[in-house]
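Have a look at the structure below before the remarks.
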Amino acid sequence: MGFIQASRGTRDILPEEVATWQRIEAIAQAILTHSAYREIRTPIFEQTELFERGIGEATDVVGKEMYTFQDRGDRSITLRPEGTAGAVRAYIEHKLHAQGGVQRLWYTGPMFRYERPQAGRQRQFHQLGVEVLGSADPRADAEVIALAADILREVGIQGWTLSLNSVGTKADRQHYRDALVRYFEQYANDLDPDSQDRLHRNPLRILDSKDPKTQAIAKEAPSILDYLSDLSKTHFDRVQELLQRLDIPFVINPCLVRGLDYYTHTAFEFQLEELGAQSTVCGGGRYDGLVTELGGPDTPAIGWAIGLERLVMILQQQSETASTDIDIYCASRGVEAEAQALQVSRALQQAGLAVEVDLSGSAFGKQMKRADRSGAPLCLILGDEEAQNRTLQLKWLGSGEQEVLPQSALIERISDLKKKIILSKLAKRV
RNA sequence: GCGAGCGUAGCCAAGUGGUUAAGGCAGUGGUUUGUGGUACCACCAUUCGCGGGUUCGAACCCGUCGUUCGCCCCA
């Protein structure tokens, strides 16, 4: 085929699916706004160094997944692979910390990672995320986790599992890492090749290896929970207590390690089986060191991101797609009638009704057939006869009931029509 | 980056070397020239993602691209 297709790992979101996206965005926005979060919009590309420093040069995201290029001014530019680094950069650059107190931010938009696409994973994908900057209080941890749970519930997602862990402070993690390496070195030859490779690069990753033999060894490995400092432990205990009091079920998973370097203390993921290999729909955690790492004042912070494609995917698996939103289908035939029909339809649209005008000019039989298929409860019919008398026909497609009405009387009937339209839509849903 | 499967109409597909590429849904026209949902009839792929070769002959072989699943990793 000669035509140009969408790039690998990108896709079009067609009108039918956009309705779902808009619903999710509206729900999230309402919930976040009511919780004192404010939206922030940051650039889609940033200087490469921001991500190298923020996410960590050793991570896969930075090491092999970034969309990086030189611009015409010979600067190294990268399409953002996640939202936190940019939000934190903006926080520092505009001195939002100088406003004092806690900054609660949320964002949504496209992210880019050069990866091999599969279900639930694309090169351009969308996230919706929150960041709370300036609070080390465990209540902030509980708050953001609760918000994610609220959004999932309101959107209509059922059956998620919340996995929770603490990766402690940087020092805690260093001690633990050393202990882990010592432990795994004893079994170095029995580990799968991938894990042997990770032994010194990223030993925490060995813990969630899928290789059965490695899993058996990992089962007996020291747990990070035994290496937490008293302060880290107190924090983690408090987070758990608060989640219990907010009725948010969770499971402790000491093997939960998140991929980006900046995480400290609380780490969590909302998972769903429907997603297959990509089971995480929302991932996040605390990142107390990131703001200083990027040159800002010492500022504790926590956040998460929801993968919107994954959310939409689950929604489409778990629920039926919504039907049409058309209220009235307008059929007309004849030059003068068609003009009048257009005028009447506009009046109805301006009054807040969803009206679709048939533009085909084909026989009424055909137009009626389309009216029926459109799913609209009401059809408006206007032909030569009606045009002459300045009337129109209203036909209720459910019952077949039909009445003639002067066009001038339509406006005063509108609230009555709206009521009936809502009723017939409800009836159809059952 | 590695391994495996799959690409036939708008959608779901049968066909795995032999002449004219099943079927269903949707669409268009008609039976029904101003009134829908049912029914019936007709039409709807000179061509099987793209490119190339082999063969008397290719949707079927090869290459490539895309996609799906798994690994890695992640939302």
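Letters A, B, ... mirror the listed sequences (proteins, then strands); counts begin at 1.
- Using a 4.0 Å heavy-atom cutoff across all strands shown, A:Gly284 reaches no nucleic acid atom at all.
- Using modelled atom types, one finds no donor on one side chain facing an acceptor on the other under 3.5 Å when comparing A:Thr108 with A:Gln127.
- One donor-acceptor pair, N or O on each side, does fall under 3.5 Å between the base of B:rA75 and the side chain of A:Arg113.
- Considering only the side chain of A:Arg310, B:rA75 comes nearest among B:rG34, B:rC69, B:rA75.
- Contacts of A:Ala363 with the nucleic acid, taken as non-hydrogen atoms under 4.0 Å apart, involve only primed sugar atoms and P, OP1 or OP2.
- Heavy-atom distances to RNA chain B give each of A:Lys366 and A:Thr10 a nearest nucleotide, and the one nearer the 5′ end belongs to A:Lys366.
- Contacts of A:Gly383 with the nucleic acid, taken as non-hydrogen atoms under 4.0 Å apart, include base atoms.
- Only the C1' atoms considered, B:rG23 is 14 Å distant from B:rA45, to the nearest whole Å.
- Counting non-hydrogen atoms under 4.0 angstrom, A:Glu385 reaches a base of the nucleic acid.
- Applying the 3.5 Å distance criterion, the base of B:rC65 shares no donor-acceptor pair with the side chain of A:Arg8.
- Counting non-hydrogen atoms under 4.0 angstrom, A:Gly129 reaches nothing in the nucleic acid.
- Residues A:Ile421 and A:Trp396 are in side-chain contact: their nearest non-hydrogen atoms beyond the backbone lie under 4.5 Å apart.
- Taking each heavy atom of A:Leu199 and A:Val181 in turn, the nearest pair found is O-CG2, 3.7 Å.
- At least one side-chain nitrogen or oxygen of A:Gln118 sits closer than 4.0 Å to the OP1 or OP2 atom of B:rG70.
- Looking at heavy-atom distances under 4.0 Å, A:Gly334 makes no contact with the nucleic acid at all.
- Shown here for A:Ala337 and A:Asp384, the closest heavy-atom pair between the two residues is CB-N, 4.2 Å.
- Backbone-only engagement by A:Arg370 is indicated by non-hydrogen atom pairs under 4.0 Å involving sugar-phosphate atoms exclusively.
- Distance noted for atom P between B:rA75 and B:rG15: 42 Å (whole Å).
- The base of B:rG36 sits within donor-acceptor range of the side chain of A:Lys395, with an N or O pair under 3.5 Å.
- Side-chain N/O atoms of A:Glu386 and base N/O atoms of B:rG34 include a donor-acceptor pair closer than 3.5 Å.
- Between the base of B:rA75 and the side chain of A:Gln271 there is no donor-acceptor pair shorter than 3.5 Å.
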